[in-house]
Every structure is written in structure tokens, then in C-alpha cells.
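The shown structure was predicted, so the numbers you read here are calculated from the model rather than taken from an experiment. In what follows, every chain begins at residue 1, and chains take the letters A, B, ... in the order their sequences are listed.
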4 protein chains.
Amino acid sequence: MWLKTHCNFEFTITGPTPLVLMLRPRSGENQWITQEEYLIEPFTPVVEYTDIYGNLCQRLVAQPGKLSIHTSAKVRVPKVLKSAPGAPFVEVQNLPDSVLQYLLPSRYCESDRFGNMAAEITQDYLLGYDQVAAIEKWIKSNFRYEPGSSITPLSAMEVNANDYAVCRDMAHLGIALCRGLSIPARIVVGFLHELKPMDLHAWFEAYVGDQWYTFDATQGDAKGGYVAVGYGRDAADVAIYNQFGPQTYHDAQYIHVEQLEN
Amino acid sequence: MWLKTHCNFEFTITGPTPLVLMLRPRSGENQWITQEEYLIEPFTPVVEYTDIYGNLCQRLVAQPGKLSIHTSAKVRVPKVLKSAPGAPFVEVQNLPDSVLQYLLPSRYCESDRFGNMAAEITQDYLLGYDQVAAIEKWIKSNFRYEPGSSITPLSAMEVNANDYAVCRDMAHLGIALCRGLSIPARIVVGFLHELKPMDLHAWFEAYVGDQWYTFDATQGDAKGGYVAVGYGRDAADVAIYNQFGPQTYHDAQYIHVEQLEN
Amino acid sequence: MWLKTHCNFEFTITGPTPLVLMLRPRSGENQWITQEEYLIEPFTPVVEYTDIYGNLCQRLVAQPGKLSIHTSAKVRVPKVLKSAPGAPFVEVQNLPDSVLQYLLPSRYCESDRFGNMAAEITQDYLLGYDQVAAIEKWIKSNFRYEPGSSITPLSAMEVNANDYAVCRDMAHLGIALCRGLSIPARIVVGFLHELKPMDLHAWFEAYVGDQWYTFDATQGDAKGGYVAVGYGRDAADVAIYNQFGPQTYHDAQYIHVEQLEN
Amino acid sequence: MWLKTHCNFEFTITGPTPLVLMLRPRSGENQWITQEEYLIEPFTPVVEYTDIYGNLCQRLVAQPGKLSIHTSAKVRVPKVLKSAPGAPFVEVQNLPDSVLQYLLPSRYCESDRFGNMAAEITQDYLLGYDQVAAIEKWIKSNFRYEPGSSITPLSAMEVNANDYAVCRDMAHLGIALCRGLSIPARIVVGFLHELKPMDLHAWFEAYVGDQWYTFDATQGDAKGGYVAVGYGRDAADVAIYNQFGPQTYHDAQYIHVEQLEN
């Protein structure tokens, strides 16, 4: 299916402000970008670099006054998510070098403290994909998806003390549980077609059966329509924007995803 | 200045054909992409990766029949090239690790055999930028720029046996001479505003005074309007397309660069 | 000064156990390895790779029974630590791309929650090196260095609730406070000459004045003798060994650092 | 089998001379280093970095006078080379991204001009491993291995005009022929047990059947005993030392490989 994503931000900048943005999706295994726009007004010099996860990041120094950022992308993505019941656990010694880092605990995924809980949740399941599916289902059953309920990221342990969460924090919990079973897991931020209410979204991927599979405890079924913008260990790595220095006002934000005909 | 680049290719594919394309410019120090299109017809799954030089490359398997590729980009680039007479030679021990590879000889730049010639051409010049400018000037004076005179890349030694060359091969000679003086040099392929006749273009960069500077022995002065698409040691690294397997017919090609108002 | 480091581990392995070790120091800016040993008994096939931080890591699958690992290195390191009072804060826009990741919060360094505290501790100091020195001094004054007081890593917030800490956790607090001021900071694990009691050690580095400087809140002055084995965002990235799967018994450990004559 | 390699160089340096050395073998798939020495006399500060091929390189500025470099390594390597008759050709679309660069022509391997010749030599063989074995055999039959016959590297085309070659240049020819068939190939420099006469050695690897296999047209059979020190596209990438600036005298060189008992 072909989607067009839109993301607009309006800021008020009070002094020269270094920004690092992560707003340019890349073409990869599961998405192909055929058209893209990235407008910054007023024009500001930007340097782009690739971070350690392969994300394209944009560095600039915003000048005092209004700053608008408009991005859009026309992307082809699968209509349904790949699923693979029975796909086996990959023994740690067989993981690619580049995947190993997704076994480690991280800022918002204290996987070192979730081993027992993960074992319990998944005790009746085959090692691998089915364990991750069980984790996803367990989160769905035990946490109310409540968009907007947390502005700053909560860690898996903090989420686990609640019975509701935003998408990003549900992903944190899913990731921490996977890693607690030595299943590599990572966060993805981006867009989701027909997300309600529409906003930027976050979900997680787990590495089983020699590839990454998408999981999302906030959604009802395996529907597709995901457009990835950034990958990382958790929300600390994939901030859509990181600002430094003076106070910045985030005046407005507009996110939209539409399905295209062809 | 704002430019819009267009690049269209038409191929006839006779059997399933692996292609590696390098047709997506990246935002970097000297160019900022605000809009971009990359259409492949008929639709073909594509995977993009970053090569060892930081170029975005697209991998696909073209199916038998017609294949069209249309790319365009709206890019902000400097109106005039940065020049820096007097910028000093960087002692090898002070070069960044990542720049060292551009001192080595490569397929089309046999710099190991150009040391004496480079020393002679630059003997009256200050070490660094001025040596590179002298090399550029020497190539301009001694070689006729003859677009279309060579289909396959010629190496610096082959070029040097002639008195004419295409842009790519002039760049090879410039690079080989720079490296012969222990000045890191690399090829760039991309677009040039008002290039005559319009086509894809190639030029070179040399690392002096702690940064890369653009040189182009095919042009009359330091005018800007360059849009980089790929960087490498020489033409072997920056083929706009590499095809493997069955015979492919490159039926048509259309390159266009226009200047935009704002 | 020339040091010889020794590190011996004895394990009892109860079933085939994937291990990822980080026990091979690399030659770098501040240390030069002239001799090195890495013995694994019984012999076990090992594959080495470089992680995202540049550390050399060794992957193997230990077989049931006893496993001993002996490493040693003869290393030249500075006799005194480089210090640079007055070295300026580096504006975020001027940080190298590769340093940016050390601004982000991480598993054991919740820097997103230490901004105010860091500002308070450093309010009377010049931006940059002096702020980091103030942080180091503040930790020294407020926390008792108590080796062995914590087996598993504690995060900066957990440490901050105590009045004592091990070296690793003091580093976590120092890092979190630096990052809270937008000063990049990272953990280092390795050896320290004359550490009392002798053990593996951890400290931190902060990036000011365009380079990394070493800080260590556990030690009395700027004495040298540090041998780095691994770098990372925090302890999660630099485990000397990560084991997966069956229960492993860490029977014995011997760490020794001696100074050599020449 | 366990080998101990020794490599000693003596230089006379006439002025401060930047050197880039590649003398530290890494542990990898096929070799495990348990002991290593790297002595530079007089002591000179060295910085080590990893190049784009994963080789460990040492940078230093040698001071006027005598310079000796002694390295040794105790290494476990296979007693016989892995061979895999019948291992299939890997279609270009299935090659890992990181392997693609070994399809490109390079300084001493003008593979763009060896397609027809490679097709002819291998016409009676299965695609893949058997083609490479046929190339190796063809080189053995048509070129006399003559150590010392060429000081500077010769390219595949230059070699092909002769009927003798050194190991490095035989590797160039083998690589150019493989790449001419779209089989990725790379050069390896290092040590070979019982090489006659003993010296540093060079051979090549080809990527078929989803892994790299070793080939060496200078040797009689598939005996093992290879210790890799550097990998690259050809000799331009894997110089054991690259010196820049003033004249340097390479006074002496001693290479030795011994087999150890255990």
C-alpha cells in the first residue's frame, strides 16, 4: 500500500538553539520512499549525518523567532505485518554482531530486572516468536493504551507500576521483557496509518527466526501501514527532536497519514 | 541558490538483473535537500544501504521488460565555490583517520606513478591549496574537455597519454596528481548547473587546510551550482548504476538542472 | 610509565554457554600496548568483533566444566592525567557527530532527571572542564567510596539515594550530571595502577575543550596509571563478560597491575 | 595448529616521517591470537585505528635515526584450508551489503577488463567455488611463482603480460578474474607457515557459498598455516607500511614462522 505521511512542527525559539532532528525516513527492507519533502522555515543551514543505528539525523542551530519544520514522504509499505508463529529463538552465539547490542539493558528498558517476569509470562510458549507474541498479548491485556498520558518517557519499571501507558512506554515494556529472555528487541518511531488519535507512533521489533518482526501492543491485530523513521535501543535514542540550550516552545504539531490510490 | 535536478533513465532488461544504483543525493556540509523523488516503474522492491563512503545505494532486481527510473531533487547549494588560496598542506600525521584512504592509489588513479610529475607541475607553489589549484590549471591548459569522448573510464595514466578527456577522466588525473603529493583527493559525481552539454558530471575534491575543497578542471572559474550524489576514490566506486548478469540496454537518459526562484 | 596488567577468571560452566567478553585493551590516544596475552583453557573457538563503541569483543560458546581465562598486557600510559582547567564547554553544534550519542540518557545514567542538580553543583564554575571537576569533587565529598558494596550496577538515581558507592556507580553519577549540562560523558572500564583494593576499575571521561578528559571520583588526585579496556555509555555497554543461558559460577578472579622498569 | 609469527623491520629515518603500519593481526573466524608483541624502538607514540576493511592500523611519526619494529604473534589456525567444491555462486542480489565493494575494480585488479578471459578459463566449470578453483589452477599452470621478481605491485593486466609473478601479483590476477565473473574477491596479506623462501605473503579470498574461501596460486595444495594480517581490495589497501615524506631506508627485514607444540 502507498501512504503519504505529513509531519509539521512549529516552534518559538528564544535564543540560538542547537537541534538534532530525526525526521527523514530511510528506504529499507520494508519500506520504499519515492517522494520526500523536508522544509525548514526560515531557511537554516543543516548538516545531515548517520547515527550508530543507521538513522539519518539533521543538525542545525535554530535562530530566535518562529521555526517551522514540514516533512512529508510518499512510502510503499506492506498492507499486513509479517507474522511468523513458530519462528525459533536465535541462540546468542548465532546472532549477527550488529544485533548483539539490542540484548543490553538501556535507559528505559531495564531488562536486567525483567528476567523472571518474562519467563513467567511466556512459560507456556515455544521459544522465539511465540514468546514475543505472548508478551505483546500480555501487555495488551494488562495495560490500557492511553495516548497523551505521559509526556516524558517512562521506563519499563515505571510503566509496570501503572495499568495504562502511551505507545512509546508500552514498547519499552515489551522490549525489556524480550531482552529479559535474551531476545534482541528495539524501538521504532514513525507513523501508523489510521492510528487513533493520529500522532507520531512508537512500537517495537524483536529478532527471532533470523529477522526482525514488528510488534505493537497498542493495536488490535496485525494490520500494516507502519512507516519507520528511527530505530534505537529505546526512546532515548530516537527523539524526533533533541534541543539543547535555551527554552524552546513547541507551539504546534500536525501529523497526518493518508492512503494513496495507486 | 536553489536548484532542481532531474535524472531519468530508460532501460530494456532482458532477464532478471541485479542493479546497484547510486541516485539519491544526501544532505551534507554543502547541500541541503528539501525535496526529492525516486520513481521506479514498474514498481520493484528496493533495499537501500549506506556504502563505505557514506553514499546511499539502492539494490534491486530488475525484471525483464522496460525499466524507467526518474529521480529529482530540490537542493540548496552555494552560488560560488569556496576557495582558499594559501590553505596549508595537512601533514599526514594530522589527517583524520577517515581521510587516509584517499591517499592510496586506486583503480583509475595510479598515484603511485605520478609523484615526480606532480612535484614538477607544482614546484613554484605553496604546499597545499595552491598546489591543487596549480594542478587544476595545468590540466585545463593541457587537456581539451571533450564530453562523450570516452564511454568507459580511463585511468590517469591513460588520460595522460591523450590531450583530451571527459570530466570523469580529468578528475582521475587531478586526483592522481594530488595523491602523488600526499594530498588526499576523491572523486564526486553529481549534477552541475549550466553544464554544457548538460549531463551527469564528475569533479574532484582535495583535502587541504583541514577541509575538502572542490576542483573542476572542466570549468572556467569558481562558479557554484554543484550537487553531489556520490563520493569515492574514483569512478569505480561511484557508478550511477552497476548492473550484473544479462545484457541490459540503456535506451535513453535525460538530465536536467534548473534554477528555482526563491 | 610501563605497566603490566593481569586478569584471570575461573568459571564453572554447567551447560553450553554463549559468552561475550571484553578483555582486550586497544592501543589508542593514551595507551600503547606492546605485549598481550589472551589464554582460554580449555581451547574454545573464539570470534572477535568490534562493537559500536570501537571495543574489541570476543564471542565464544563455553563448554560444560571448568573455564579459565587469563589475559595480560604490557602497556605504556601517562604517569599523570592530563588536566585542563578552563578548557571550554563545546557547544552542541560543534560536537563531532560521533560524540553526540554521549549526551543521551542511558540505562544507568538518567541524565534527563539531573539537569537542575547539575546546574546547582556547578553554578560557581566556568562552563566546561571546571564544571566537570566540580562534579567530580562534589561526588568525592558526598559519597564514600566503598568497593564491593554493590554487585549489580546501580543507576545514578539509585546511587544518589545513598551516601556510598562503588567506582562504577560513582562514574554513573558523574556521567549523569555531566550530560545534564549537555557535556558528553562516557564510562571507561579497565585497570588502575595501585588501586586499593586491587580490582577491575571504572571511571568516566567528559568531552570538553575538543577532547576527552579522564575523571575519577574514587581517587585522591590526578595520578595516572589508567589502562582502558572498554568504553560505553554506561556499565550496560562495558560488561567485562556477558553470559547467556545456563547458570555459570564465577569461581575466582585475580587482577593485578605491576609497574615495569623501563 | 599453533604458529608463532615473527616480523622484524629495521629502518633508517632521515627526517620526521609519518608512517602507517598494518602489522597487528586480529582474531577472527579463522584465527585466534593468544599472544602478541609489538615493539617499536626507540619508543614513539602510536595511535591505532580501524580502517574501512576492519584492519588495525598504527600511525606514528618516526624520528630521524634508526627505527626497529618487532612484532610477533602466537596464533591458532586451521591445519588444512577449508575447501568446498560445488559451493554455489552467490547471486549479486543475495550478497551482504558489506561484500559488494569486493566486486568493483581496484588499483591493481582491473576486473572491468577481464570478463571475457575469466569466462573462457572457467567455461567448463560449475558457477561458484569451482570457477575460482579453475582460476587458481590456471594461474598455477601459466605463471611461474618467482619471489622477489617485482618490488612494486603489478596490476593484473601487467602480470598477465608476463609468465612469472610474485605472490601478491598472482593474487591480483586471481582477484581480477573472479570479479570479472561477479564473484567478490579480496587480497589478504600475512604469514604462511613453511613458505619458501620465508617472507611476508599475499593470497586471495573469494566469496562463494555464502562465505569467504582462501585461494593461493603459489602453493601446491590446500595446506593450512595462513595467518592474516590485513584485508583489502588489492595491494594498495594492505601495505604493511606506508611511509610519507622524506626518504626512508629499509635496512633489514626478518620474517619467521614456527610451529608450536601444543
Side-chain angles (χ1 to χ4, degrees), chain A residues 16-20 44-55 57 59-62 89-98 100-113 115 152-153 155-158 176 179 181-183 232-239 242-245, chain C residues 16-20 44-55 57 59-62 89-98 100-113 115 152-153 155-158 176 179 181-183 232-239 242-245:
Chain A
T17 301
L19 287 172
V20 180
T44 309
V46 182
V47 177
E48 195 169 277
Y49 76 101
T50 306
D51 75 8
I52 50 167
Y53 305 103
N55 303 307
C57 303
R59 302 178 65 169
L60 62 147
V61 181
F89 175 74
V90 183
E91 300 280 345
V92 170
Q93 63 269 36
N94 298 326
L95 291 172
D97 294 340
S98 60
L100 284 176
Q101 63 172 315
Y102 297 106
L103 286 175
L104 300 175
S106 58
R107 170 65 184 93
Y108 299 112
C109 303
E110 307 96 333
S111 47
D112 45 321
R113 299 186 190 174
T152 55
S155 78
M157 287 176 71
E158 290 168 327
R179 292 186 195 156
L181 299 169
S182 297
I183 295 176
R233 290 210 230 159
D234 63 30
D237 295 329
V238 292
N242 261 322
Q243 103 227 17
F244 301 89
Chain C
T17 301
L19 287 173
V20 180
T44 309
V46 183
V47 177
E48 195 169 277
Y49 76 103
T50 306
D51 74 10
I52 51 167
Y53 305 102
N55 303 309
C57 302
R59 302 178 66 169
L60 61 149
V61 181
F89 174 75
V90 183
E91 301 280 346
V92 170
Q93 63 268 38
N94 298 325
L95 290 171
D97 293 341
S98 60
L100 284 175
Q101 63 172 313
Y102 297 106
L103 286 175
L104 301 174
S106 59
R107 170 66 185 90
Y108 299 112
C109 303
E110 308 97 333
S111 47
D112 45 321
R113 300 186 190 173
T152 55
S155 78
M157 287 176 70
E158 291 169 326
R179 292 186 194 155
L181 300 168
S182 297
I183 294 175
R233 291 212 229 158
D234 63 30
D237 296 328
V238 291
N242 262 321
Q243 103 228 17
F244 302 89

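Listed options C:Thr152, C:Asn242, C:Asp112, C:Leu19 were ranked by heavy-atom pairs under 4.5 angstrom with chain A; first place goes to C:Asp112. Between chain A and the options C:Ala236, C:Gly245, C:Cys109, heavy-atom pairs under 4.5 Å are most frequent for C:Ala236.
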> Between C:Leu100 and A:Tyr49, is a side-chain contact (heavy atoms from CB on, under 4.5 Å) present by the stated rule, with each step listed?
Replying inline: CA-CA 11 Å; C:Leu100 284 175; A:Tyr49 76 101; 3.1 Å; yes

> When you look at A:Arg59 and C:Asp97, which way does the salt bridge (charged side-chain N to carboxylate O under 4.0 Å, His left out) test go after all the steps?
Replying inline: CA-CA 9 Å; A:Arg59 302 178 65 169; C:Asp97 293 341; 2.7 Å; yes

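Interatomic distance, C:Gln101 CD to A:Asp51 CG, rounded to the nearest 0.5 Å: 8.5 Å.
The nearest pair of heavy atoms linking A:Ser155 to A:Glu110 is OG-OE2, 2.5 Å. The two residues C:Ser182 and A:Phe244 have their closest heavy-atom pair at OG-CD2, 3.6 Å.
Neither the backbone nor the side chain of A:Leu181 has a heavy atom closer than 4.5 Å to any heavy atom of chain C. Both the backbone and the side chain of A:Gln93 come within contact range of chain C, with heavy atoms under 4.5 Å apart. Of the atoms belonging to A:Pro16, not a single heavy atom falls under 4.5 Å from chain C. Of the atoms belonging to A:Val92, heavy atoms from both backbone and side chain fall under 4.5 Å from chain C. Proximity to chain C is absent for every atom of A:Leu60, based on heavy atoms less than 4.5 angstrom apart.
One finds no salt bridge joining A:Asp234 and A:Arg179 here, because no Lys/Arg side-chain nitrogen approaches an Asp/Glu carboxylate oxygen to under 4.0 Å.
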